[in-house]
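First up is the structure itself, then whatever we jot down about it.
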Number of protein chains: 2
Amino acid sequence: MPPFDMGRVRDVSAPAEMNPCGACPVRSLTVCAALEAEELRRLAEILQTVRYEAGHTLFAEGDKADTLYNVTAGTMKLYKLLPDGRRQITGFLLPGDFMGLSVNEVYAYSAEAVTPVTLCRFPRKRMEALLEEFPKMQRRLFSMASNELAAAQDQMLLLGRKTAKEKICSFLLMLSQRAQRRGHKENPVHVPMSRADIADYLGLTTETVSRTFTQLKTSRVISLLEGSKVQIHDMDDLLDQAEGA
Amino acid sequence: MPPFDMGRVRDVSAPAEMNPCGACPVRSLTVCAALEAEELRRLAEILQTVRYEAGHTLFAEGDKADTLYNVTAGTMKLYKLLPDGRRQITGFLLPGDFMGLSVNEVYAYSAEAVTPVTLCRFPRKRMEALLEEFPKMQRRLFSMASNELAAAQDQMLLLGRKTAKEKICSFLLMLSQRAQRRGHKENPVHVPMSRADIADYLGLTTETVSRTFTQLKTSRVISLLEGSKVQIHDMDDLLDQAEGA
DNA sequence: ACGACCCATATCGAATGGAGGCATAGGCGA
DNA sequence: TCGCCTATGCCTCCATTCGATATGGGTCGT
């Protein structure tokens with residue numbers, strides 16, 4: 001912990017009557033999609049908009065899970081640790097992604113900001129009450145969880161059976177597709193996380209990630225651009241490389 | 001496909017008025033838990049009880065997902081394939097487990113019986129209608145999906161960061177805990193699946209699985225018993241071994 | 001019932017290789 | 001300038017691959 005906590009909460013929420021949700025850029029992607037104006041207003045009542053610096057830990061595995069979050073800007077990482085420090089990043093969260101589902105009222109992973117982030121913050125109890133009231137939102141959350149489950153299974157295939165090169169290609173492809181679904185251009189891809197984070201997400205070491213990037217660059221599959229951007233030369237080629245075809 | 005399809009459906013459902021759910025041994029574990037008698041009756045109306053032989057494939061990745069299943073007896077495996085045949089088993093289903101959640105109305109994995117199994121079979125459409133009607137069931141399903149998500153994250157940590165020995169120990173531990181939650185004794189553990197299946201679940205090869213079992217046997221952590229059973233000598237020791245402590 | 005045979009699965013040894021570990025050098029931003 | 005992140009060469013090692021053998025359950029013929 002640094003002497004000054006760079007990640008302290010700054011409440012930047014607008015007065016409730018302005019309804020921050022109305023102008024939310026990621027509303028269509030997340031749990032608030034398809035809510036009526038009145039329902040949105042009720043949701044806005046219980047949320048708080050917060051901002052954290054890169055590197056700030058929001059919560060750790062095992063903490064009491066009394067808050068749910070929705071990412072509205074920036075990138076987060078979720079991870080689990082082994083006693084000796086080995087780390088597995090279970091997911092990167094982009095704007096529109098939801099975080100905080102828990103089992104036994106305890107977080108099953110730690111959460112840290114990769115870039116500066118802004119989040120909607122919901123007290124768990126009040127959120128649950130609202131879910132009771134709005135089955136539409138409940139269904140939406142369930143559907144998001146189903147999607148995450150499918151993504152988790154893809155990740156298991158990647159971790160268990162893919163080679164280093166296939167892992168990196170799959171990773172770039174995933175970032176590209178997620179960017180696209182958020183209305184950004186799918187190429188070049190912005191890769192905001194460090195080599196170490198990529199390694200801990202793909203079950204590799206930083207050295208292997210680095211070497212593999214070089215190899216893909218040399219074989220003209222990708223180029224590394226300014227500002228952590230990666231240019232994909234042939235999307236179909238990358239897709240083949242990602243599945244060993 | 002064998003000349004006779006050993007896995008064909010045999011409808012063994014009792015007449016509707018007998019309400020097969022009333023006597024269901026896994027009701028408390030699954031989606032039907034906490035349903036009232038009347039709701040159970042409605043559920044029973046839309047389900048069919050089916051039985052398949054070991055080795056039968058219920059559906060394959062990419063098939064239209066118009067049916068949901070609930071395992072009532074036996075063990076199933078779910079898996080994904082790469083074009084060249086590499087396989088990752090994403091999960092083993094035991095009695096009480098649910099299967100068939102889908103994205104884009106298409107199954108994201110293939111499902112095959114490991115042992116003879118009996119299943120409750122729900123038409124997707126009618127199940128969805130019932131979920132609308134019984135929010136209690138919707139919540140229960142969401143809670144089951146959340147648990148699965150947490151389990152998937154544990155599995156990512158295992159696949160990405162654990163050694164062969166830690167993987168095998170974690171696997172045995174998981175089987176033991178799941179048996180316990182189903183009211184069976186947690187030791188010795190029944191391990192109904194082949195070395196190849198274990199390998200494809202843990203991201204190893206059959207040889208490594210075999211060698212690791214011998215190694216654990218030699219170092220007196222476990223014993224292999226008759227009938228695919230594994231005796232765990234010290235549960236706490238196994239837990240330490242599973243996390244590299 | 002019994003043994004011979006077969007096939008699938010499991011086991012084991014030796015050699016190989018892909019990714020890891022370590023050290024160092026280079027680059028970039030604070 | 002300092003410190004962190006990244007890149008790369010060299011060597012190591014764990015798990016894989018390949019090959020061979022053992023085991024065990026099931027089937028068939030006598």
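The sequence lines fix the lettering, A, B, ..., with proteins before strands; numbering per chain opens at 1. It should be emphasised that the depicted structure is a prediction, and the values quoted were computed from it without experimental measurement.
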field: Test side chain to side chain donor-acceptor pair (under 3.5 Å) applied to B:Lys162 and B:Ser170, step by step
entry: CA-CA 9 Å; B:Lys162 290 190 181 179; B:Ser170 303; 3.0 Å; yes
Would you tabulate the side-chain donor-acceptor contacts of residues 238-245 of chain B under 3.5 Å, counting partners in other chains and residues two or more places apart, or write 'none'?
none

Dump every N/O contact between nucleotides 20-24 of chain D and the protein below 3.5 Å, one line per pair.
none

field: Any side-chain heavy-atom pair of B:Tyr69 and B:Arg121 under 4.5 Å
entry: yes
Side chain to side chain contact (heavy atoms under 4.5 Å, CB included) between A:Leu172 and A:Ile222, intermediate numbers included: CA-CA 10 Å; A:Leu172 291 173; A:Ile222 60 169; 4.1 Å; yes
- prompt: Can you check the B:Lys167 NZ to D:dC14 C1' distance for me, whole Å?
  reply: 11 Å
Could you give the side-chain donor-acceptor pairs of residues 174-183 of chain A under 3.5 Å, partners two or more places apart or in another chain?
from, atom 1, to, atom 2, distance (Å)
A:Ser176, OG, A:Glu186, O, 2.8
A:Arg178, NH1, A:Phe92, O, 3.1
A:Arg178, NH2, A:Phe92, O, 2.9
A:Arg178, NH2, A:Asp97, OD2, 2.6
A:Arg182, NE, A:Pro95, O, 2.6
A:Arg182, NH1, A:Arg178, O, 3.2
A:Arg182, NH2, A:Pro95, O, 3.2
A:Arg182, NH2, A:Asp97, OD1, 3.0
A:Arg182, NH2, A:Asp97, OD2, 3.4

message: As a quick check of understanding, evaluate side chain to side chain contact (heavy atoms under 4.5 Å, CB included) for B:Lys80 and B:Tyr109, giving each step before the final call.
response: CA-CA 5 Å; B:Lys80 296 175 77 87; B:Tyr109 44 76; 4.2 Å; yes
- prompt: Quick one, which residues of residues 205-212 of chain B touch DNA chain C with a heavy atom under 4.0 Å?
  reply: B:Glu207, B:Ser210, B:Arg211
- request: Can you tell me the distance, in whole Å, between the CD atom of A:Gln215 and the P atom of D:dG9?
  value: 13 Å
field: Opening and closing nucleotides of DNA chain C in contact with chain B, under 4.0 Å to non-hydrogen atoms
entry: C:dA10 to C:dA14
field: B:Leu119 and B:Thr72, any side-chain heavy atoms less than 4.5 Å apart
entry: no
Any side-chain heavy-atom pair of B:Val117 and B:Thr75 under 4.5 Å: no
N/O donor-acceptor pairs under 3.5 Å from side chains in residues 195-203 of chain A, not counting sequence neighbours:
from, atom 1, to, atom 2, distance (Å)
A:Asp197, OD1, A:Lys77, NZ, 3.0
A:Asp197, OD1, A:Arg87, NH2, 2.8
A:Asp197, OD2, A:Lys77, NZ, 3.0
A:Asp200, OD1, B:Arg161, NH2, 2.6
A:Asp200, OD2, A:Arg87, NE, 2.6
A:Asp200, OD2, A:Arg87, NH2, 2.8

- prompt: Going by atom types only, do A:Ser223 and A:His233 share a side-chain donor-acceptor pair under 3.5 Å?
  reply: yes
message: Taking the side chain as everything from C-beta on, heavy atoms only, tell me whether B:Val106 gets closer than 4.5 Å to B:Asp63.
response: no
- line: Whole-Å distance, A:Met193 CE to D:dC4 P, equals 22 Å
query: Once you round it to whole Å, what is the distance between P of D:dA15 and CG of B:Leu159?
result: 14 Å
task: Would you mind classifying the nucleic acid contact of A:Gly203 as base, sugar-phosphate or nothing, using non-hydrogen atoms under 4.0 angstrom?
output: sugar-phosphate
